[in-house]
Amino acid sequence: MKASPSTIDELLDRAEALAGLTLGELAQSENIRVPNDFKREKGWSGQLLELALGAEAGSKAQQDFANIGVELKTIPIDVNGYPLETTYVCYAHLVDVAGIHWATSSVRNKLNKVLWVPIDGRRDIPPSERTIGTPFLWSLQGQQEAYLRQDWEEIMDMIAMGDIEKVTARYGEYMQLRPKAANGSVLTDAIGKNGQIIQTRPRGFYLRKEFTHKILDDYFS
DNA sequence: GCATGATCATTC
DNA sequence: GAATGATCATGC
C-alpha cells in the first residue's frame, strides 16, 4: 500500500517516472502477475496504474485522487497515438433526473481534471510487452466542455422523457450511452414512457474515440 | 445491484 | 474494419 500523492505535482512526478516502462516491468515491480490477454481481466491496466500511483483501490465513487481532485484514466492507443477504445466515464442516473444539471453532474465532476496515461493497446502485442506512454494532466473546459454538455443534455432529456429504450449508442457526437453491466440479466430502475418505473439494463457514459483523440492530439502536437 | 477498472466480440 | 451492444473481475 502506497501513500497517495498529496499534490498534483507529486502525482505527475510519479506518473512521468512510469513512462517508457512496459506493463510487464511495472507489474514485476508491483509484484503482480500479467495476464496473457485482457479477455477476462479487462480493467487490469487501469488497476495496475492505480496501484503504482497510489490511488485508492476498490469501488469508491468519484475521483481516484479525491484529495487533489484528479481522475486517472488509462487509454489504449495504436502506433499513431489514436485511441483503440472508447473511454468509460460513469453510470447514468435513469430515475430522479429532473433536478440534475450539467454543472453538478457525475460526468462533469469526473472529467474536471484527468490524468491521462496512454498505453500501447495493440492486441497483437502481449500485455506484458505493451509500453506506457507519456502521462499528462487535462481539464474539461471551453469548447470540449460545450460538446459534452450538449450530448449529455440531449441524452438526459430523452431519459427524463421516458425514452431510455430509444437511446442507442448512436446518439451523442462526442459522448454516447451504452450498456454497462456484468451481463444482460442485470436490471435497474428507469423512467418509462408514461412516467412509470420500468426495468432496463444499466447504462454508462462513454467518450467517443474522436473526442479522446483530440485530447491526445492537443497535447502531443 | 452499484460502482470501480475497462476490453471483448458480434453485428453492421 | 469499426462501432454498438455485451461482457469480465472485484468489493461491498
Side-chain angles (χ1 to χ4, degrees), chain A residues 1 4 15 23 26-27 30 32-66 70-80 82-97 105-107 109-111 114-128 130 132-133 135 151 155 164-190 197-213:
Chain A
M1 188 79 86
S4 68
L23 293 180
L26 182 56
E30 297 292 337
I32 63 172
R33 54 164 282 282
V34 188
N36 295 319
D37 58 53
F38 293 145
K39 283 184 172 62
R40 303 192 75 81
E41 296 173 74
K42 297 180 180 179
W44 187 87
S45 299
Q47 289 165 342
L48 174 63
L49 268 291
E50 284 186 342
L51 189 63
L53 295 175
E56 302 302 322
S59 61
K60 283 183 289 241
Q62 306 313 320
Q63 295 119 336
D64 295 291
F65 303 96
V70 176
E71 171 74 8
L72 172 68
K73 286 291 180 198
T74 61
I75 182 164
I77 58 170
D78 65 17
V79 285
N80 298 314
Y82 198 88
L84 287 166
E85 296 288 349
T86 55
T87 299
Y88 171 68
V89 180
C90 61
Y91 268 109
H93 292 111
L94 303 181
V95 292
D96 300 330
V97 300
S105 67
S106 298
V107 173
N109 179 65
K110 268 292 183 68
L111 299 180
V114 178
L115 177 67
W116 294 99
V117 182
I119 299 177
D120 186 345
R122 287 175 290 170
R123 289 196 199 181
D124 56 351
I125 295 180
S128 64
R130 299 184 192 177
I132 298 168
D151 290 338
I155 292 167
I164 180 61
E165 298 299 0
K166 289 184 185 170
V167 184
T168 67
R170 294 168 182 78
Y171 285 86
E173 277 194 62
Y174 297 100
M175 184 170 68
Q176 61 185 171
L177 198 71
R178 302 216 306 275
K180 169 65 172 170
N183 58 62
S185 70
V186 177
L187 296 174
T188 192
D189 287 351
I197 297 298
I198 63 171
Q199 296 295 110
T200 190
R201 303 191 329 288
R203 309 295 210 283
F205 284 107
Y206 293 79
L207 301 177
R208 291 187 183 277
K209 296 177 191 176
E210 292 76 6
F211 189 82
T212 48
H213 176 245

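Every chain is numbered from 1, with letters handed out A, B, ... down the list of sequences.
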Rounded to whole Å, NZ of Lys39(A) lies from C1' of dA6(C) at a distance of 15 Å
In whole angstroms, the gap separating P of dA9(B) from CZ of Arg40(A) amounts to 10 Å
| Hey, does Arg170(A) reach any base, or is it just sugar-phosphate, or nothing, if we go heavy atoms under 4.0 Å? | sugar-phosphate
So the side-chain hydrogen bond (donor to acceptor under 3.5 Å, both in side chains) pairs with at least one residue in residues 35-47 of chain A (sequence neighbours excluded) are Arg33(A)-Glu41(A)
Touch class at under 4.0 angstrom, heavy-atom based, for Tyr206(A) against every strand present: base
So CD1 of Ile77(A) and CZ of Arg122(A): to nearest 0.5 Å the spacing works out to 9.0 Å
Give one of base, sugar-phosphate or nothing for Asp37(A), where a contact means two heavy atoms less than 4.0 Å apart.
nothing
Ile75(A) CD1 to dG5(B) C1', in whole Å, measures 14 Å
I'd like to know if Lys60(A) pairs up with Glu50(A) as an ion pair, taking the criterion as any Lys NZ or Arg NE/NH1/NH2 lying under 4.0 Å from an Asp or Glu carboxylate oxygen.
no
When the rotation axes relating C1' atoms of four end pairs to the next four are compared across the helix from dG1(B)-dC12(C) to dC12(B)-dG1(C), five pairs an end, they differ to 10° by 40°
The residue among Leu207(A), Val89(A), Ile155(A) that forms side chain to side chain contact (heavy atoms under 4.5 Å, CB included) with Val107(A) is Val89(A)
Only residue of His213(A), Arg208(A), Glu210(A) satisfying side chain to side chain contact (heavy atoms under 4.5 Å, CB included) with Pro83(A) is His213(A)
Ordered by number, residues from residues 179-189 of chain A within less than 4.0 Å of DNA chain C (heavy atoms) are Pro179(A), Lys180(A), Ala181(A), Ala182(A), Asn183(A), Gly184(A)
When rounded to whole Å, the CD1 to P distance for the pair Ile197(A) and dG1(B) reads 16 Å
For Lys73(A), the salt bridge (Lys or Arg N to Asp or Glu O under 4.0 Å) test, sequence neighbours excluded, returns Glu71(A)
When rounded to the nearest 0.5 Å, the distance separating CG of Asn183(A) from CZ of Arg201(A) is 10.5 Å
Open item on the list: Applying a 4.0 Å non-hydrogen cut-off, can you work out what Gln63(A) is touching in the nucleic acid: base, sugar-phosphate, or nothing?
Closed with: nothing
Scan Tyr91(A) against the nucleic acid and name what it touches under 4.0 Å (heavy atoms): base, sugar-phosphate only, or nothing. base
### Task
Identify whether any heavy atom of Ser45(A) sits under 4.0 Å from a base atom; if not, whether one sits that close to sugar-phosphate; answer base, sugar-phosphate or nothing.
nothing
Original post:
What nucleic acid atoms does Thr87(A) come within less than 4.0 Å of, heavy atoms only: base, sugar-phosphate, or nothing?
Top reply: nothing
Residues at least two apart in sequence or cross-chain that pass side chain to side chain donor-acceptor pair (under 3.5 Å) with Asp151(A), listed by chain then number, are none
Residues passing the salt bridge (Lys or Arg N to Asp or Glu O under 4.0 Å) test with Glu165(A), sequence neighbours excluded, are Arg203(A)
By nearest-nucleotide position on DNA chain B, the 5'-leaning member of Asp64(A) and Arg130(A) is Asp64(A)
note: Gln47(A), atom CD; dT10(C), atom P; distance rounded to Å ~ 9 Å
> Within the structure shown, what part of the strands sits under 4.0 Å from Glu71(A) by heavy-atom distance: base, sugar-phosphate, or nothing?
Replying inline: sugar-phosphate
At less than 4.0 Å, is any side-chain N or O atom of Lys209(A) found next to OP1 or OP2 of dA3(C)? Yes or no. yes
Ranking dT7(B), dG5(C), dT4(C) by distance to the side chain of Arg201(A), first place goes to dG5(C)
What does Gly43(A) touch in the nucleic acid at a heavy-atom separation under 4.0 angstrom: a base, only the sugar-phosphate, or nothing?
base
Exercise. Do the side chains of Ile132(A) and Leu23(A) get nearer than 4.5 Å, heavy atoms only?
Worked result: yes
Do the side chain of Tyr88(A) and the base of dA3(B) come within less than 3.5 angstrom through a donor-acceptor pair of N or O atoms? no
Rounded to the nearest 0.5 angstrom, the OH-OG1 distance for Tyr91(A) and Thr188(A) is 8.5 Å
note: Glu41(A), atom CD; dT10(C), atom C1'; distance rounded to Å ~ 10 Å
Here the distance between atom C1' of dG5(C) and atom OH of Tyr171(A), to the nearest Å, is 16 Å
Atom CG of Leu84(A) and atom C1' of dC8(B) are separated, to the nearest Å, by 13 Å
From the candidates dC8(B), dA3(C), dT7(B), the one with an atom nearest any side-chain atom of Thr86(A) is dT7(B)
* Asked: Does OP1 or OP2 of dA9(B) have a side-chain N or O of Arg123(A) closer than 4.0 Å?
  -> no
